[in-house]
Structure formats: C-alpha cells, structure tokens
> 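I'd like to ask you about the structure that follows.
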Amino acid sequence: MNYDTLAVLAGLPEDPHGAVGLPIYAVAAYGFKTLEEGAERFASGEGYVYARQKDPTTRALEERLKALEEALDAVALATGQAATFAALLALLRPGDEVVAAKGLFGQTIGLFNQVLAPWGVRVRYVDPAPEAVREALTERTRLVFVEIVANPALLVPDLEALATLAEERGVALVVDNTFGAAGALAKPLRWGAHAVVQSLTKWASGHGSVLGGAALSRETELWGRFPQFLEPDLKGQVPWEALGPRCFPERVRTLGLSLAGMALSPFNAYLLFQGLETVALRVRRMSETALRLAEALRGHPKVKALRYPWLPDDPAYPHARKYLAAGGGIFTLDLGSLEAASRFLRTIRLLKAPNVGDARTLLVHPWTTTHSRLKEEARLEAGVTPGLVRVSVGLEDAGDLEALFREALAAV
Ligand SMILES: *Cc1c(COP(=O)(O)O)cnc(C)c1O
C-alpha cells in the first residue's frame with residue numbers, strides 16, 4: 001500500500017468498543033490474573049507489563065512508523081535525542097569508533113563529544129562522501145552516522161553508496177532521518193541504511209506541540225557481527241540466535257526504555273500518531289511553497305546565496321532527486337553579513353524560533369543560536385555563515401509568504 005493509505009490506516013488497533021482512532025492508555029502498569037500469566041508475560045516479552053517499556057498507545061505509533069518507513073520494527077522514545085542516544089548505546093562499546101558526517105545537528109555532536117567520548121568512544125568527523133568515509137574507517141569502526149538532509153548545510157549524502165560501503169566493511173550505516181519526515185520525504189532503510197533515528201518533534205508532530213523520537217531498523221545479517229549480540233544475556237540467551245535482526249530494536253527497548261527510562265508519554269504518542277496522518281500532505285504543500293519562494297528569491301539583489309535542494313543548479317540536487325520525494329520545507333538565505341541578517345530578522349513579520357517542521361513558518365539565525373556553541377571555524381565548516389538565515393516553511397499561503405519576504409528584504 002502507498003504512504004498516504006498507510007499514514008491513516010497502519011497501526012490502528014482493534015478496539016473492543018469499535019473506537020475509530022487511537023485510545024490513550026493513561027496507565028502505568030498492566031495486571032495479570034494468575035502467577036502463571038505474569039510469569040509468561042515476563043518471560044516472553046509479549047503483551048504489556050509496565051509502561052516504561054511498552055504501552056498500547058505507543059505501540060500503535062511504533063506500528064505506524066514501521067509501516068511508513070518500511071522497517072522491521074520501530075521503537076518510540078521521549079525525544080529525537082533519546083532515540084539517537086539509545087541506538088548508539090545499543091551499538092557501541094568503549095574502544096569502538098564512529099565515522100560521523102561533519103555538520104551534524106548540534107546536540108548530536110554534543111552527544112558524541114560530551115557523552116560518548118568520555119566513555120571511550122572515538123568519533124571522526126568527515127565529509128560524508130563515500131571515499132572520505134572509506135578512508136576514515138578502521139578495524140574499530142562500528143558505525144557510520146549521517147543525516148539526511150544535513151542542516152543547515154542542506155546536503156544530501158549518497159545513501160546507496162554509503163550503505164554498500166558499510167555492508168562491505170561490516171559496519172552499520174545509521175541515518176538521522178528527521179528531515180525525511182517519517183518517510184514522507186526519505187526512506188533510508190530502503191537504500192540500505194541498517195538503522196534510522198529521528199525526531200518526531202518536527203514534521204511528524206507538525207504543530208510544534210510535542211517532543212518525540214524513534215529508532216527503526218531493517219532486516220539484516222549485520223548484527224550477527226556485533227559482539228553485544230553474540231554474548232549470552234542475563235537469561236543465558238544469545239540475542240542474535242534468539243531474535244535474529246530483532247535483536248537491535250529489542251536492545252534499544254531494553255537499554256533506552258526499560259533501563260534508561262527515556263519513555264514517550266502515551267499522550268504524546270497519541271498526538272504523534274495523529275500527526276502522521278497528515279505529514280505527507282503537509283510536506284507536499286511545504287515543498288511546493290519552499291520551491292516557489294526559492295525560485296522567487298534567489299535572484300533578489302539582497303540575497304547573496306540561496307540554497308534549496310530542489311533547484312537544479314544546487315549542489316544537493318542530484319542526490320535530492322534520487323533520495324527525496326520532494327524538496328522539503330527548508331531553504332537557506334545568505335544575506336552576506338551579520339548586520340544584514342539582523343535587520344532582515346528584525347523586519348520580517350514571521351516567527352523566529354529554533355525549530356523546524358511546524359505548521360508556521362519559522363526562521364532562525366544559526367550563527368548566533370543553534371550553532372553558537374561551536375568555534376567559528378566549525379560553524380563555517382557546517383555551512384553556517386554570519387549572514388545565513390534558515391527558513392522552515394509552514395502552511396501559510398505562498399503568496400503571503402513571498403510578499404513578507406520581499407518586504408523584509410527591501411529593508412536590508
Ligand atoms: C531536532 C532534531 C533532533 C533532536 O530531536 P528532539 O526531538 O528535539 O530531541 C535530532 N536530529 C535532527 C536532525 C533534528 O532536527
């Protein structure tokens with residue numbers, strides 16, 4: 001079935017009352033009638049026990065995400081950062097190495113440098129071109145981590161080539177698919193990524209109203225090469241033998257939810273489940289508006305540079321056409337200087353906020369906000385210049401938006 005159909009039907013549970021929609025299970029614990037039933041539920045991992053690990057509302061969201069991204073399974077967590085952290089915890093051990101793309105989301109770099117590095121994980125940052133990644137791989141590399149679409153540089157990595165390389169070298173390709181909008185724009189698992197992590201806070205929620213994240217993975221033999229899946233667990237079971245490729249999502253659930261407690265609230269799961277019903281519609285509309293604005297504004301005398309992956313002369317265009325369903329709702333304008341960006345943002349009658357994927361257009365000045373903690377050199381390397389403004393296009397009328405941009409540009 002196609003995305004639009006799955007988006008409204010996948011994951012809907014059978015309800016004893018025939019409810020059309022997803023009920024919220026505002027419940028912490030799930031009871032059993034007998035000792036035997038309790039023992040069976042604990043032993044099998046089937047059914048529900050305690051909501052820190054699994055609950056029916058969140059499970060419905062996971063089923064929907066799984067269908068939308070063509071995954072083997074999905075695990076929902078409290079935030080995008082929780083999802084990334086749990087996936088990394090499941091795959092890395094002290095002494096392991098990661099090859100990561102330069103210019104990742106700032107908090108992901110923080111997670112690598114401030115959380116994982118002190119625990120003995122070494123991270124090498126490279127331009128995520130397959131040749132550069134190949135050169136950075138060592139005997140100790142366990143995974144390659146990239147984003148589609150890298151923000152705010154708006155680059156699209158060559159997923160298929162990276163997946164082939166990862167497969168060849170027995171390392172995992174993990175993709176942050178936040179900008180892929182829960183599969184509405186990009187489906188990295190289809191191109192061979194072994195695991196996907198993402199923030200559902202952005203396009204999946206769609207209204208800037210709730211935080212959430214997910215880790216997903218595909219059918220693969222790769223986990224059979226990771227020592228943590230080959231050592232007997234507390235029950236004496238070897239995860240790879242007992243679970244096959246499901247050993248990865250189960251480990252994410254155990255470490256990220258059961259033990260680290262980064263669980264998504266059922267209320268948020270409900271809102272995200274509903275957000276997914278319109279994500280493809282919203283992303284199509286935002287992509288149309290973003291393309292119109294990009295075409296209208298790129299020749300403007302006050303705009304020094306404009307980046308949008310769906311413009312044929314944009315460096316991201318070839319990979320964008322291959323891996324994305326449309327151009328997406330993000331474009332960037334370089335106004336040439338901090339002063340020009342400052343005047344533009346002061347004038348424009350739109351919201352300024354460090355978020356993306358909202359129903360409202362949101363603008364941000366990465367140099368002084370999202371990337372301000374990085375050294376100047378690192379900012380420039382991430383594609384962040386003093387005059388850069390990132391625009392996350394919302395659902396406003398395209399003509400109104402164009403007029404507001406022109407009005408503010410005239411004041412620069
Ligand atoms: C927002 C974002 C995250 C983090 O997600 P939260 O839900 O805010 O924790 C991770 N990666 C990318 C690319 C993001 O845009």
Side-chain angles (χ1 to χ4, degrees), residues 58 61 65 69 74-89 98 100-116 125 128 145-157 159 174-186 188 193 195-216 252 256-257 260-265 268-269 271-272 275-276 279 283 286 309 316 323-324 328-332 353-358 362-364 366 369-371 373-374 382-384 390-393:
T58 306
L61 171 66
L65 288 167
E69 298 215 31
V75 182
L77 296 103
T79 64
Q81 281 316 94
T84 304
F85 186 38
L88 294 172
L89 271 183
V98 173
K102 275 182 193 163
L104 291 175
F105 179 65
Q107 273 75 0
T108 304
I109 299 175
L111 189 55
F112 280 130
N113 294 354
Q114 295 175 52
V115 180
L116 293 169
Y125 296 97
F145 191 99
V146 301
E147 272 169 18
I148 185 165
V149 175
N151 159 40
L154 301 188
L155 294 173
V156 182
L159 289 184
V174 181
V175 179
D176 181 335
N177 193 35
T178 301
F179 279 54
L185 264 192
V196 152
V197 294
Q198 62 196 337
S199 171
L200 302 174
T201 312
K202 315 293 169 55
W203 288 272
S205 150
H207 299 82
S209 54
V210 60
L211 296 167
L216 301 97
V252 171
L257 297 178
M262 301 185 287
L264 183 69
S265 138
N268 293 359
L271 287 170
L272 293 166
L276 290 174
V279 66
V283 162
M286 289 166 172
Y323 298 116
L324 305 181
I330 305 280
F331 70 93
T332 60
N355 195 14
V356 292
D358 197 297
L362 300 178
L363 291 87
V364 80
T369 59
T370 54
H371 287 64
R373 272 171 245 122
L374 298 178
V384 177
R390 183 189 73 193
V391 183
S392 173
V393 173

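In each ligand, atom 1 is the first atom listed, and ligand 1 is the first ligand listed. Start at 1 with the first residue, then count along the sequence.
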> Say you draw a straight line from CZ of R390 to OG1 of T370; how long is it, rounded to the nearest 0.5 Å?
5.5 Å
> Whether the side chain of T201 engages the backbone of G212 through a donor-acceptor N/O pair (distance < 3.5 Å, no angle test) should be reported.
yes
> Using atom types as modelled and distance alone, determine if a side-chain donor or acceptor of T178 lies under 3.5 Å from a backbone N or O of Q198.
no
> Among all protein heavy atoms in this structure, tell me which lies nearest to atom 9 (O) of ligand 1, with the distance rounded to 0.1 Å.
Q81 N, 2.9 Å
> How close does the nearest protein non-hydrogen atom get to atom 14 (C) of ligand 1, and which residue and atom is it?
K202 NZ, 3.0 Å
> For T108, is at least one N or O under 3.5 Å away from an N or O on ligand 1?
no
> Before signing off on this row, confirm whether F105 and ligand 1 have an N or O atom pair separated by under 3.5 Å.
no
> Rounded to the nearest 0.5 Å, what separation is found between the CG atom of D176 and the CG atom of N151?
9.5 Å
> So, T84 side chain and G80 main chain: donor-acceptor pair closer than 3.5 Å or not?
yes
> Heavy atoms only: which of D176, T79, L200 lies closest to atom 12 (C) of ligand 1?
D176
> Just jot down the ligand 1 atoms closer than 4.0 angstrom to any heavy atom of G212, in number order.
7 (O)
> Return yes or no for this condition: an N or O of T201 is under 3.5 Å from an N or O of ligand 1.
yes
> At under 4.0 Å between heavy atoms, which part of Q107 makes contact with ligand 1: side chain, backbone, both or neither?
neither
> State, yes or no, whether a side-chain contact exists between F105 and E147 at a heavy-atom distance under 4.5 Å.
yes
> Does the side chain of E69 come under 3.5 Å of the side chain of N177 through a donor N or O and an acceptor N or O?
yes
> If you have a sec, work out which protein heavy atom is nearest atom 6 (P) of ligand 1 and how many Å separate them, to one decimal?
G80 N, 3.4 Å
> Looking only at heavy atoms of A82, does any of them come nearer than 4.0 Å to an atom of ligand 1?
no
